Amino acid sequence: MTLPGSVPSPLTGRDAPLVKTLTSARSIDGYRREFDFDVSKYFIGIPEFGVYQCDTGYRFFYPFTLTADESLYRCLEGFEYEENKWEFSTALAQVRAQDRLLDVGCGEGSFLAKAKGKGASVSGMELNGAAAAVARGK
């Protein structure tokens, strides 16, 4: 499988260039070592995948068939849901009171709560049901 040099960004639809290529075997091994979690079912038929970056700075994986389910996010919840990630302050610097935000993979809603505090209208999406319930409570 040869990855294309660019693909349409799911955010903008504009061409997004390939940043790097990763092997599925290495990712599977990394998840097994770091998190004791078997992600091999997500990589069936996908020997390698690409990281692409659209002109907004948003990075994403391709092929788009590479997806996970709630079981992975439940495994990661102890590592993922921090109240004060470094990227929050970077992103919050761009948020204005009139903005409407959608946080895909919002975890427990920490970033959304901070953006709402700046007056933005916020919404989030989260596959981990337990984390989504916490976010709704915020």
Side-chain angles (χ1 to χ4, degrees):
M1 172 180 169
T2 301
L3 294 168
S6 67
V7 297
S9 165
L11 185 63
T12 66
R14 296 187 294 268
D15 279 350
L18 178 66
V19 174
K20 66 176 144 180
T21 301
L22 302 167
T23 67
S24 298
R26 184 172 179 191
S27 295
I28 292 166
D29 182 57
Y31 273 94
R32 189 173 287 124
R33 278 186 292 103
E34 294 294 321
F35 304 109
D36 194 28
F37 190 82
D38 181 8
V39 296
S40 60
K41 67 182 179 181
Y42 307 125
F43 292 95
I44 294 172
I46 303 173
E48 65 181 11
F49 59 100
V51 178
Y52 290 79
Q53 183 172 331
C54 77
D55 56 9
T56 65
Y58 169 68
R59 288 186 173 199
F60 59 92
F61 296 126
Y62 181 88
F64 295 132
T65 56
L66 180 58
T67 60
D69 57 25
E70 184 174 5
S71 64
L72 173 62
Y73 296 100
R74 281 203 181 271
C75 170
L76 297 176
E77 71 186 349
F79 304 96
E80 290 284 308
Y81 306 129
E82 299 173 27
E83 289 291 320
N84 294 300
K85 291 183 175 182
W86 67 266
E87 58 262 37
F88 289 178
S89 59
T90 302
L92 284 169
Q94 306 298 315
V95 174
R96 298 177 312 253
Q98 68 273 19
D99 288 344
R100 292 178 52 196
L101 301 175
L102 171 61
D103 185 355
V104 178
C106 68
E108 293 181 348
S110 298
F111 175 76
L112 291 173
K114 292 174 187 307
K116 187 175 182 180
K118 288 189 75 171
S121 173
V122 301
S123 298
M125 296 172 58
E126 176 57 49
L127 288 177
N128 179 333
V134 172
R136 280 191 292 276
K138 291 182 179 178

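This structure is a prediction, so every number in the text was calculated from the model and none was measured. If you read the sequence from its start, that first residue is 1, and numbering goes on from there. The analysis underlying the following values was restricted to heavy atoms, covering all of them including side chains, and did not include hydrogens, waters or symmetry mates.
- Across every non-hydrogen atom of S123 and L112, the tightest pair is O-CD2, 3.4 Å.
- Taken from OG1 in T56 to CG in L11, the straight-line distance is 5.0 Å, to the nearest 0.5 Å.
- Here the side chain of K138 pairs a donor or acceptor atom with the backbone of E108 at under 3.5 angstrom.
- For R14, the salt bridge (charged side-chain N to carboxylate O under 4.0 Å, His left out) partners two or more places apart in sequence, or in a different chain, are D55.
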What donor-acceptor contacts under 3.5 angstrom involve side-chain atoms of residues 91-107, with partners at least two apart or in another chain?
{"from": "R96", "atom 1": "NH2", "to": "D99", "atom 2": "OD1", "distance (Å)": "3.2"}
{"from": "D99", "atom 1": "OD2", "to": "R96", "atom 2": "N", "distance (Å)": "2.7"}

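- Within a 6.0 Å radius of NZ in K20, other residues, nucleotides and ligands contribute 12 heavy atoms or fewer.
- Cluster annotation: L127 is not connected to V134 through the hydrophobic network of ILVMFWY side chains, with a link wherever side-chain heavy atoms come within less than 4.5 Å.
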Legend entry - Step-by-step side-chain contact (heavy atoms from CB on, under 4.5 Å) determination, S89 to K114: CA-CA 9 Å; S89 59; K114 292 174 187 307; over 6 Å; no
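- What you find for P17 and S6 is that their closest heavy atoms are CA-CB, 4.0 Å.
- Ring geometry for F60 versus Y58: interplanar angle under 30°, hence parallel rather than tilted (30 to 60°).
- F64 and M125 fall into different hydrophobic clusters, where Ile, Leu, Val, Met, Phe, Trp and Tyr residues are linked whenever their side-chain heavy atoms come under 4.5 Å apart, directly or through other members.
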Donor-acceptor pairs are to be reported for all side-chain atoms of residues 42-53 against protein atoms at under 3.5 Å, with residues two or more places apart or in another chain.
{"from": "Y42", "atom 1": "OH", "to": "D69", "atom 2": "OD1", "distance (Å)": "2.6"}
{"from": "Y42", "atom 1": "OH", "to": "S71", "atom 2": "OG", "distance (Å)": "3.2"}
{"from": "Y52", "atom 1": "OH", "to": "P4", "atom 2": "O", "distance (Å)": "2.6"}
{"from": "Q53", "atom 1": "OE1", "to": "R59", "atom 2": "NE", "distance (Å)": "2.7"}
{"from": "Q53", "atom 1": "OE1", "to": "R59", "atom 2": "NH2", "distance (Å)": "3.0"}

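- F61 and I28 fall within the same hydrophobic cluster, defined by Ile, Leu, Val, Met, Phe, Trp and Tyr side-chain heavy atoms under 4.5 Å apart, directly or through other members.
- For Y31 and F37, the ring centers are positioned 6.0 Å apart or more.
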